[in-house]
Amino acid sequence: MCGIFAYAGKDNCAQIIIDGLRSLEYRGYDSWGIALKSEDSITLRKNVGKVSEIGELESVEASMGIGHTRWATHGNVTIENSHPHYDSEKRVYVVHNGIIENVEELTEYVQGDVFYSQTDTEIIPKLIARFLQEVAFPDAVKKVVRLLKGNFAFVAIAADSDYLIAARNGSPIVAARQAGQFYISSDLQSLTHYSKKAYFINDGELLIYNHRTDVIDFYDFYNERYISKDLQEFDLGATDCEIGSYKHFMLKEIFEQPEKLKATLDANIERGAIRFGNVIDFSQFQEIQRIVIIACGTSWHAGLVAEYWLESLVRIPVEVEYASEFRYRNPVIDRNTLVIAISQSGETADTIAGIKEAKNDGAMVFSICNVPGSTIVRISDSVIFTQAGPEIGVASTKAFTTQLEVLFLLALSIAYQRQQLDKIEIKRYLKRLAEIPEKMRRVLANKEQIISIMQAHYTVSNALFLGRGVNYPIALEGALKLKEISYIHAEGYPAAEMKHGPIALIDRNMPTVFICIKDHSYDKVLSNIQEVKARDGIVIAVATEDDQRIGKLADHVVFIPETINELSPFLTVVPLQLLAYHIADRRGCDIDKPRNLAKSVTVE
Ligand code: AGP
C-alpha cells in the first residue's frame with residue numbers, strides 16, 4: 001500500500017529518497033512522486049508506474065525532500081492523483097498514507113482554492129497553506145491535524161521553511177537520525193540501512209524536525225503539549241531483505257521456512273518447556289470461556305487451522321472471524337473472551353479496528369505478529385512474535401507457517417494450564433513439532449516434481465483446492481496463493497462440500513488439488529477423488545509418503561513425509577506454495593509485487 005519516505009541531510013537527497021521508495025516497493029503501488037527542497041524552491045516529480053523510471057531527477061541539488069509510493073484509493077491511477085500534493089501557491093507539499101474522511105466539511109476552510117486531483121490528500125497542503133497566512137509552519141500543521149478525521153500519516157515540507165514535519169493518527173510513521181541526517185518512513189524496514197534505532201511515533205503525535213538546527217521535537221496534538229521521546233533499538237534481520245541467488249523473494253521465503261520455524265520454536269522453548277517470556281499472564285487462561293480469533297487473508301487461514309487445534313486440545317469454543325466483519329457485527333465479547341489477533345505486518349487496518357473493538361468490549365487481546373514496533377504490537381495486551389524475519393514477497397509464506405507454529409504452541413500452553421494435557425503429552429507434541437523443519441526440507445527437495453506438474457497445467461484458467469479437517473484451511477491457502485500471484489481463478493473448499501456445488505465445474509480443463517493425507521477422513525477424500533475422475537477431471541494429490549493407493553487414482557501425486565495429523569498443515573502447504581510460485585513464474589507474472597495487491601493493507 002502507500003509508502004512514505006523523507007530525508008533531510010547533506011548527502012544526495014534525491015538518491016536517498018529514491019532508494020527509500022525502492023525499499024517500499026514490495027508493499028505494492030501504482031504511482032510515485034518526490035518533492036525536493038533546495039534553498040527556497042521545491043522541485044516536484046511524479047509519475048505512474050515504477051520508481052525505476054525516474055530519469056534525470058537524481059542530479060537535483062537538495063537538502064531535504066519527501067517521497068511517496070501510492071496505491072490508489074481515492075481517484076484513478078494518474079499523475080495528478082499521485083503524491084506529493086501541494087497548495088495553490090505551491091508553497092506546501094505533503095505525502096500522505098491513510099484516508100481523510102471529512103474532506104467535504106474541510107473544504108469550507110479553503111474556499112476559492114481549485115482542486116486539481118481526486119484525492120483526499122490535497123486538502124492537507126491547502127489547509128496548511130491557509131493557516132500559514134497567520135502562523136508559522138509548525139503551528140499551521142498543529143492546527144490542521146486537529147481538524148482531520150480518519151486514519152492518517154503524513155509528512156509535510158514548505159518552500160520557505162527548514163522544518164520537516166510528520167503526523168501520525170492510525171497509520172505508521174517512524175524516524176531515525178544518524179550523524180546530522182534525518183530519515184522518516186512509514187515502514188521500519190526501510191530504515192535498516194541507516195540505523196538500528198528509531199523514534200516510534202504514536203497516534204496523536206507530531207514529529208517536528210528543524211533541519212537547520214538539527215533539533216527534533218515531539219508534540220502530542222490530542223493534549224496540545226510537547227513530549228519527550230527516546231530512540232528505541234530494533235533489529236529486523238538485514239539478510240532477510242537481500243534476495244541472494246533466488247529469482248524472487250517469494251521463492252527465497254518458501255525455502256527459508258525450515259530455518260524460520262526452528263528460530264520461532266527456539267525463541268519460545270526453554271529447557272524443553274514452552275516459555276513465551278513474561279508477556280503473558282497465564283493465570284488469565286484459566287478464566288477464559290471462549291476464544292475469538294480475528295485476522296485477514298492468509299493470517300485468517302492460520303486462525304482456521306488453530307481453531308481445530310484449540311478445540312481438540314483445549315476443548316474450548318473457538319470462533320474465527322474476518323477482522324473486517326468482526327468489527328461491524330456488534331460481536332458478543334466480554335472479559336471471559338480471549339481475542340487472538342493474527343497479523344504478519346501488524347499494520348492491517350481491519351485487524352487494528354477489530355482489536356480496538358474487542359478492547360472496548362473488555363476482552364483481553366493477545367496478538368501474534370511478525371513486526372516489532374508495529375501498531376498491533378503496541379495496542380495489544382500481549383504479543384508473541386513469529387521469528388519469520390521481514391517478509392518481502394506480497395504473498396505470505398514463511399509468516400504463515402511461523403504463525404501456525406506459535407498458534408500450536410499457544411494451544412499446547414492453554415491446554416496445559418487448563419489441565420487438558422500433562423507434561424508428558426506436551427513433550428511428545430513438542431518432539432514431533434521439532435521434527436517439522438527437517439521434514440519440510442524433504443518436501444522442498446521435491447521441486448522437480450512440482451515443476452513437471454506446473455508444465456502440464458500452467459495454462460489453466462480455473463482450479464479447485466480441496467482438503468478436510470485441519471487441511472481444509474490449507475486448501476483455502478493454496479487457492480489464495482495461486483490466485484494472488486498467477487491470476488488463475490482458484491477456489492478452496494472442504495472436500496466434502498464439492499458435491500454440494502463446485503462439482504458442476506469439473507471437466508478435463510480444470511485441475512483439482514486434493515490434500516489427501518492418511519488421516520481419519522482419508523477414505524472419504526479418496527471417494528471425492530473418484531468423483532472427480534469420473535467426470536474427466538484432473539487430480540493433483542498431496543499425499544502421505546507410504547500411500548500405495550493414491551497413485552492409481554490421481555494424475556499427479558506429491559508425497560510428504562509422515563507426521564501426526566495435527567502437524568500435517570506445515571507440510572501440506574509447502575507443495576501448494578511451490579506450485580503457485582512455479583505456475584506464476586512460468587506465466588511471467590510479477591511474483592513479488594502482484595497487480596493490485598499490497599503487503600500491508602492499511603486501509604479499511
Ligand atoms: C497473503 O498472501 C496476502 N497478501 C494477504 O491475504 C495477507 O495475509 C492479509 O492482508 C493480512 O495481512 P497481515 O497478516 O499483515 O495482517
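Start at 1 and go down the list; that is how both ligands and their atoms are numbered. When a residue number appears, it is its place in the shown sequence, counting from 1.
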Using a 4.0 Å heavy-atom cut-off, which part of Thr298 comes near ligand 1: side chain, backbone, both, or neither?
both
Atoms of ligand 1, numbered as shown, that sit under 4.0 Å from any heavy atom of Thr348
12 (O), 13 (P), 15 (O), 16 (O)
Is it the side chain, the backbone, both or neither of Glu347 that has a heavy atom closer than 4.0 Å to ligand 1?
neither
Who's the nearest protein heavy-atom neighbour of atom 15 (O) of ligand 1, and how far?
Ser345 OG, 2.7 Å
Results of salt bridge (Lys or Arg N to Asp or Glu O under 4.0 Å) for Glu319 - residues two or more places apart only:
Arg290
Quick one: is the NZ or CZ of Lys50 closer than 6.0 Å to the six-membered ring centre of Tyr29, and within 45° of its axis?
yes
Numbering as shown, the atoms of ligand 1 that approach Ala395 to under 4.0 Å (heavy-atom distance)
2 (O)
cation_pi(Arg378, Phe200) dist<6.0 Å, angle<=45
no
Pairs satisfying ring pair (Phe, Tyr, Trp, His ring centres under 6.0 Å), at least one member in residues 381-408, at least two apart:
Trp309-Phe408, Phe408-Tyr429
Please list, in number order, the atoms of ligand 1 under 4.0 Å from a heavy atom of Ser396.
1 (C), 2 (O)
Do any heavy atoms of Val394 fall under 4.0 Å from ligand 1?
yes
In a check of side-chain hydrogen bond (donor to acceptor under 3.5 Å, both in side chains) between Thr298 and each of Gln344, Gln403, Glu477, which one passes?
Glu477
Polar-atom distance check: Glu484 versus ligand 1, any N or O pair below 3.5 Å?
yes
Give the residue and atom name of whichever protein heavy atom lies nearest to atom 10 (O) of ligand 1, and the separation in Å to one decimal.
Val601 CG2, 3.8 Å
Could you walk me through whether Arg70 and Thr121 pass the side-chain hydrogen bond (donor to acceptor under 3.5 Å, both in side chains) test, one step at a time?
CA-CA 11 Å; Arg70 175 175 186 255; Thr121 303; over 6 Å; no
Are Lys599 and Glu391 within salt-bridge range, i.e. N to O under 4.0 Å?
yes
Give the residue, atom name and distance (to 0.1 Å) of the protein heavy atom nearest atom 11 (C) of ligand 1.
Cys296 O, 3.3 Å
Considering only NZ, NE, NH1 and NH2 on the basic side and carboxylate oxygens on the acidic side, decide whether Glu259 and Lys262 come within less than 4.0 Å.
no
For atom 6 (O) of ligand 1, which protein heavy atom lies nearest, and how many Å away is it?
Gly297 CA, 3.2 Å
One finds that the ligand 1 atoms under 4.0 Å from a non-hydrogen atom of Ser299 are 8 (O), 13 (P), 14 (O)
